[in-house]
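A quick note: this is a predicted structure, and the numbers were derived from the prediction, not measured. Below, chain A is the first sequence line, B the second, and so on; all start at residue 1.
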Protein chains: 2
Amino acid sequence: MSLQHSLLVLLSESPATGYELSQTFKKGVGYFWKASHQQIYLQLKKLSEVGWLEFVIEVQRGKPDKKIYQITEAGKAVLNAWLSSEVKPPKTNDALLVMIYGGKHVKPDVLIKEIERHKSIHSKGLKKLLDIETLYLSLSDDEKKKYRLPYLTLRRGISGEQSWLVWAEEVLIELMSD
Amino acid sequence: MSLQHSLLVLLSESPATGYELSQTFKKGVGYFWKASHQQIYLQLKKLSEVGWLEFVIEVQRGKPDKKIYQITEAGKAVLNAWLSSEVKPPKTNDALLVMIYGGKHVKPDVLIKEIERHKSIHSKGLKKLLDIETLYLSLSDDEKKKYRLPYLTLRRGISGEQSWLVWAEEVLIELMSD
DNA sequence: TAGACCATGTAACAAGTTACATGATTGC
DNA sequence: GCAATCATGTAACTTGTTACATGGTCTA
């Protein structure tokens, strides 16, 4: 299960709470890994039980206490082993493509509308990624070096979205041509 | 659950057995929908129970009997309603990107090797899709019209793979530059 | 004053994965 | 003789989803 590995990777940078990790998945690395807060809390619990993470509790008033998770030596060992292993390419289940594939049963405008909706989602996604890229490019050479690998994954996100949008344009032109 | 909708889409073309559908997912539309044979058999069963599919049994010797599934009128109605609905963009969970993101804990060659492995998987995938495209492009205009929508989804597969490979080249160059 | 944010979870259910099972036929 | 193909499934387990719960603070 790779959500566990994703959590280990993020926590190998610095300790964090489940909530913070959840935000990171949503805003930071969401372009290559999605996870709900429920799954995150569950897996953090499991990772603690096997001893790959440990946590300290920060008492709060009015809110539930914070659990600040930290990777253990055992966790680091597991992470390093995983980083040298073979991983599966992501499995794709793309409902929009299923829809287009079987789209002859509905009028083209129905498809066009839904594709436009996805276009705006992808455009927003791309914009966000480009903003992060701008931020990265403004860093000093030293800091750029530090974030070199995350930046490469960001590049995947950016070119993936761009490629999607180019395709969508082609599809819309084709669908509107009749 | 969209595996159900994928099955309805495929069966709206022509009746088929679970095994045949399984092959279609593996060889035909696998670039946008993955499903195991176990899940397919399970969902076909569920779809029959709610009356969106029906099946006839073809008795065989030596092998288990064939169940030939067919979409019902109720199934067609459900499919048409779904085709006009809003669907979610696919959720991505890309373990290779997690690996690269956290890759500073291992030597670059470890990453390079794994990326090369994925490169060959994607190259093979692209080759298959291009073969299907060649086939499509050799069809008569009438037949091209018929497969116009599936072809648009094929285009997504092709440009997605091409974009992936371009990115991988950039990453390899970057990783080998030190 | 309403909605977003902070911060954590439980419970019920659906979906997906992995391993196992059967057994004949066809091709290398 | 061994692997692949045909053809279907069960069982155990893991993951993911959806709904619900709590309750204070902060901002428009």
Name all residues meeting the side chain to side chain donor-acceptor pair (under 3.5 Å) criterion together with A:E54; count only those two or more places apart in sequence or in a different chain, and write none if there are none.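 Once residues adjacent in sequence are excluded, A:E54 has no partner under the side chain to side chain donor-acceptor pair (under 3.5 Å) criterion.
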Is any side-chain N or O of [X] closer than 4.0 Å to OP1 or OP2 of [N]?
{"X": "A:S36", "N": "D:dT18", "value": "no"}
{"X": "B:K88", "N": "D:dT18", "value": "yes"}
{"X": "A:K67", "N": "C:dG9", "value": "yes"}
{"X": "A:Y19", "N": "C:dC6", "value": "yes"}
{"X": "A:K34", "N": "D:dT15", "value": "no"}
{"X": "B:Q39", "N": "C:dG16", "value": "yes"}

Between [X] ([atom1]) and [N] ([atom2]), how many Å, whole number?
{"X": "A:Q43", "N": "D:dT17", "atom1": "CD", "atom2": "P", "result": "12 Å"}
{"X": "A:I40", "N": "C:dT8", "atom1": "CD1", "atom2": "P", "result": "11 Å"}
{"X": "B:Y41", "N": "C:dA19", "atom1": "OH", "atom2": "C1'", "result": "17 Å"}
{"X": "A:F25", "N": "D:dG16", "atom1": "CZ", "atom2": "P", "result": "11 Å"}
{"X": "B:L44", "N": "D:dG9", "atom1": "CG", "atom2": "C1'", "result": "12 Å"}
{"X": "B:L21", "N": "D:dG9", "atom1": "CG", "atom2": "C1'", "result": "16 Å"}
{"X": "A:L47", "N": "D:dT15", "atom1": "CG", "atom2": "C1'", "result": "14 Å"}
{"X": "A:I57", "N": "C:dA7", "atom1": "CD1", "atom2": "P", "result": "15 Å"}

With a 4.0 Å cut-off on N to O distance, would you call B:E116 and B:K119 a salt bridge?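 Salt bridge flag = yes for B:K119 with B:E116.
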Which residue pairs pass the ring-ring contact (aromatic ring centres under 6.0 Å, His included) test when at least one of the two sits in residues 158-178 of chain B, sequence neighbours left out?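 Sorted result for residues 158-178 of chain B: B:H122-B:W164, B:W164-B:W167.
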Are [X] and [Y] packed together at the side-chain level, in the sense that at least one heavy-atom pair is separated by less than 4.5 angstrom?
{"X": "B:L83", "Y": "B:N80", "answer": "yes"}
{"X": "A:L175", "Y": "B:L149", "answer": "yes"}
{"X": "A:V166", "Y": "B:S159", "answer": "no"}

[X]: what forms a side chain to side chain contact (heavy atoms under 4.5 Å, CB included) with it, not counting sequence neighbours?
{"X": "B:A74", "result": "B:W52, B:T72"}
{"X": "A:S140", "result": "A:D142, A:E143"}
{"X": "B:F55", "result": "B:S48, B:I57, B:K67, B:Y69"}
{"X": "B:L135", "result": "none"}

Which nucleotide in the set [options] lies at the smallest distance from any side-chain heavy atom of [X]?
{"X": "B:Q38", "options": "C:dT8, C:dT18, C:dC6", "answer": "C:dT18"}
{"X": "A:K66", "options": "C:dA7, C:dG9, C:dG16", "answer": "C:dA7"}
{"X": "B:L3", "options": "C:dG16, D:dG9, C:dG9", "answer": "C:dG16"}
{"X": "B:Q60", "options": "D:dA7, D:dC6, C:dT8", "answer": "D:dA7"}

Base, sugar-phosphate or nothing for B:S22? Non-hydrogen atoms, less than 4.0 Å.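 Contact class for B:S22: none.
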Report all interatomic pairs (protein N or O, nucleotide N or O of nucleotides 23-26 of chain C) with separations under 3.5 Å.
none

With nearest nucleotide decided by heavy atoms, which residue, A:N93 or A:E20, maps closer to the 5′ end of DNA chain C?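 Of the two residues, A:E20 wins.
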Could you pick out which residue, B:Y69 or A:H37, lies toward the 5' side of DNA chain D when each is mapped onto its nearest nucleotide?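 The 5'-side residue here is B:Y69.
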Tell me which of B:K26 and A:A35 sits closer to the 5' end of DNA chain D, going by the nucleotide each one is nearest to.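 The residue mapped nearer the 5' terminus is B:K26.
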Restricting to salt bridge (charged side-chain N to carboxylate O under 4.0 Å, His left out), what partner residues turn up for B:K104, sequence neighbours left out?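 So B:K104 forms a salt bridge (charged side-chain N to carboxylate O under 4.0 Å, His left out) with A:E13.
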Per-pair distances, 0.1 Å, donor-acceptor, side chain in residues 92-103 of chain A, under 3.5 Å, sequence neighbours excluded:
unit_1: A:T92; atom_1: OG1; unit_2: B:Y31; atom_2: O; d: 3.4
unit_1: A:N93; atom_1: OD1; unit_2: A:K91; atom_2: NZ; d: 3.2
unit_1: A:N93; atom_1: ND2; unit_2: B:K34; atom_2: O; d: 3.0
unit_1: A:D94; atom_1: OD1; unit_2: A:L96; atom_2: N; d: 3.1
unit_1: A:D94; atom_1: OD1; unit_2: A:L97; atom_2: N; d: 3.3

What nitrogen or oxygen pairs link the protein and nucleotides 12-14 of chain C at under 3.5 Å?
none

Using rotation axes that map the C1' atoms of four end pairs onto the next four (five pairs an end), what angle separates the end axes of the helix from C:dT1-D:dA28 to C:dC28-D:dG1, to 10°?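 The end-segment axes of the helix from C:dT1-D:dA28 to C:dC28-D:dG1 are tilted 50° relative to each other.
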Output every pair passing salt bridge (Lys or Arg N to Asp or Glu O under 4.0 Å) with a member in residues 124-139 of chain A, not counting sequence neighbours, ordered by first then second residue.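 Residue pairs with at least one partner in residues 124-139 of chain A: A:E133-A:R155.
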